[in-house]
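Every chain is numbered from 1 and lettered A, B, ... according to where its sequence line falls, protein lines coming before strand lines. Below, each value reflects all heavy atoms present in this structure, side chains not excepted, and no hydrogens, waters or symmetry copies.
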There are 2 protein chains.
Amino acid sequence: MTRREEIVDVAERLLERGGPEAVTMRRLADELGIQAPSLYKHVAGKPEIEAALQQRALQRLAAALEAAPDLPSLAAAYRRWALRHPRLYEIATRLPLARERLAPGVEAAAAAPLLRVTGGDLTAARALWGLAHGLVDLELAGRFPPGADLDAVWTHAMAARVAAGPGPGVTG
Amino acid sequence: MTRREEIVDVAERLLERGGPEAVTMRRLADELGIQAPSLYKHVAGKPEIEAALQQRALQRLAAALEAAPDLPSLAAAYRRWALRHPRLYEIATRLPLARERLAPGVEAAAAAPLLRVTGGDLTAARALWGLAHGLVDLELAGRFPPGADLDAVWTHAMAARVAAGPGPGVTG
DNA sequence: CTCGTTTGGCTAACGCTGTTAGCCAAGACG
DNA sequence: CGTCTTGGCTAACAGCGTTAGCCAAACGAG
């Protein structure tokens with residue numbers, strides 16, 4: 001394991017434990033038993049670490065969605081993963097996507113499960129993504145009133161999507 | 001106009017011009033011709049300023065949605081406002097809602113237009129909100145590939161919602 | 001074996017952040 | 001007239017990301 005990977009590992013631990021503001025260069029260095037400036041021998045700066053975390057989060061999310069056979073179970077898997085890894089989910093979706101730092105194929109791999117349940121319809125997949133992301137994002141931000149029945153909301157929302165079926169762009 | 005209102009006004013200007021990281025206590029003070037510590041004579045701290053901005057953003061958003069007669073025009077108004085005021089939208093939805101600092105009625109006023117177009121169905125209104133917010137949030141974060149036809153996505157998504165109709169919770 | 005280069009640490013420092021403590025002048029008021 | 005409140009001020013602190021510059025150990029070539 002390279003020192004760089006080690007750094008990203010520690011960053012992920014710090015992120016999951018203490019949220020984004022717990023990931024500081026000095027704390028990172030502390031955990032590794034070195035001084036903060038030494039991190040720059042392995043990493044260009046904090047944005048690079050964040051991009052690495054973002055890529056890792058996308059891969060984890062994609063893996064969690066891979067096995068879902070249909071739309072309802074995909075929706076459930078999406079929500080479950082996000083609620084279990086709220087910080088990773090946040091960094092995966094809130095940060096502007098650093099496409100130039102992303103390993104090729106990562107974005108596509110994350111999109112694949114969504115595309116699969118919409119039968120390859122890009123437009124429908126994006127709408128579905130927006131729906132799932134919006135519900136999760138609002139829930140994580142504590143925006144729904146306490147006591148709101150979010151299970152019912154998800155059921156309702158996904159029923160609507162099933163009723164709509166694939167959009168006009170489907171070919172296969 | 002109290003000094004406090006003046007501070008929030010300046011904060012809003014700074015936010016819209018330079019994004020969240022442009023809103024610093026020292027810049028705020030500079031714009032007002034005073035020193036940063038003097039701000040604390042009028043305001044408890046930065047979180048209070050952010051909460052005030054959040055409240056203001058919610059009120060603006062609510063006002064922008066008020067006139068929409070039906071679901072499609074509501075969706076269009078929602079997206080239009082968010083794209084025109086991305087920083088305000090961000091602070092309105094990304095920050096955990098500081099309910100204890102919020103003037104009573106603000107949250108309800110923001111929710112009202114959504115509830116109206118779902119015929120009072122809370123579950124449907126929340127699903128609709130999740131959908132609209134998710135699409136806007138992903139678009140603002142630059143998460144859709146460049147060139148994605150987002151108009152089509154919105155049309156598709158809203159058609160699905162119309163097809164679903166009001167959920168089981170509607171009474172009047 | 002030895003010399004030069006690269007690797008990966010270090011300390012000191014800069015400019016920025018939010019925030020606190022403490023001082024002081026002007027205005028309000030009994 | 002004296003006292004209290006209001007709203008400024010300066011100095012300072014801890015923490016942030018980051019840069020510059022130094023240095024010892026490891027490595028590779030002749």
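- You'll find that the side chain of B:Arg3 is closest to D:dG8, out of C:dT17, C:dG8, D:dG8.
- Between the P atom of C:dC10 and the CG atom of A:Asp30 lies a distance of 10 Å, rounded to the nearest Å.
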Nucleotide-level pairing of DNA chain C, given in dot-bracket where Watson-Crick and G-U pairs need both distances under 3.5 Å and | marks other strands: ||||||||||||||||||||||||||||||
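- Using a cutoff of 4.0 Å between basic side-chain nitrogens and carboxylate oxygens, B:Asp137 and B:Arg94 are scored as salt-bridged.
- Between the CD atom of A:Glu48 and the P atom of D:dT18 there is a distance of 11 Å, given to the nearest Å.
- Closest to the side chain of A:Ile34, out of D:dG8, C:dT19, C:dC10, is C:dC10.
- Heavy-atom nearest nucleotides on DNA chain D were determined for A:Thr24 and for A:Pro37, and the one closer to the 5' end corresponds to A:Thr24.
- Of the charged side-chain nitrogens involved, none lies within less than 4.0 Å of a carboxylate oxygen, so that A:Glu21 and A:Arg27 do not count as a salt-bridged pair.
- Applying the 4.0 Å criterion to OP1 and OP2 of C:dG9, one finds that A:His42 has a side-chain N or O inside that range.
- Comparing C:dT17, D:dT18, C:dG18 by their nearest atom to the side chain of A:Tyr40 picks out D:dT18.
- The base of C:dG18 sits with one of its N or O atoms less than 3.5 Å from a complementary donor or acceptor on the side chain of B:Arg26.
- Two residues, B:Ala44 and B:Lys41, neighbour DNA chain C, and the one matched to the more 5' nucleotide by heavy-atom proximity is B:Ala44.
- Looking at A:Arg101 and A:Glu50, no side-chain N of the basic residue comes within less than 4.0 Å of a carboxylate O on the acidic one, giving no salt bridge.
- The CG atom of A:Leu39 sits 10 Å away from the P atom of C:dC10 (whole-angstrom rounding).
- Here A:Arg87 does not pair with A:Glu90 in a salt bridge; the nearest charged N to carboxylate O distance is not below 4.0 Å.
- Distances from the side chain of A:Gln35 to the nucleotides C:dG18, C:dG9, C:dT11 place C:dT11 closest.
- The local environment of CD in B:Glu5 is crowded, with over 12 non-hydrogen atoms from other residues, nucleotides or ligands closer than 6.0 Å.
- In this structure, A:Arg79 pairs ionically with A:Asp151, as a charged nitrogen and a carboxylate oxygen lie closer than 4.0 Å.
- Annotation: A:Trp129 is in aromatic contact with B:Phe144 [ring centroid separation under 6.0 Å].
- No engagement by B:Val43 is indicated, since no non-hydrogen atom pair under 4.0 Å with the nucleic acid exists.
- For A:Ser38 and C:dG8, the shortest distance from a side-chain N or O to OP1 or OP2 is not below 4.0 Å.
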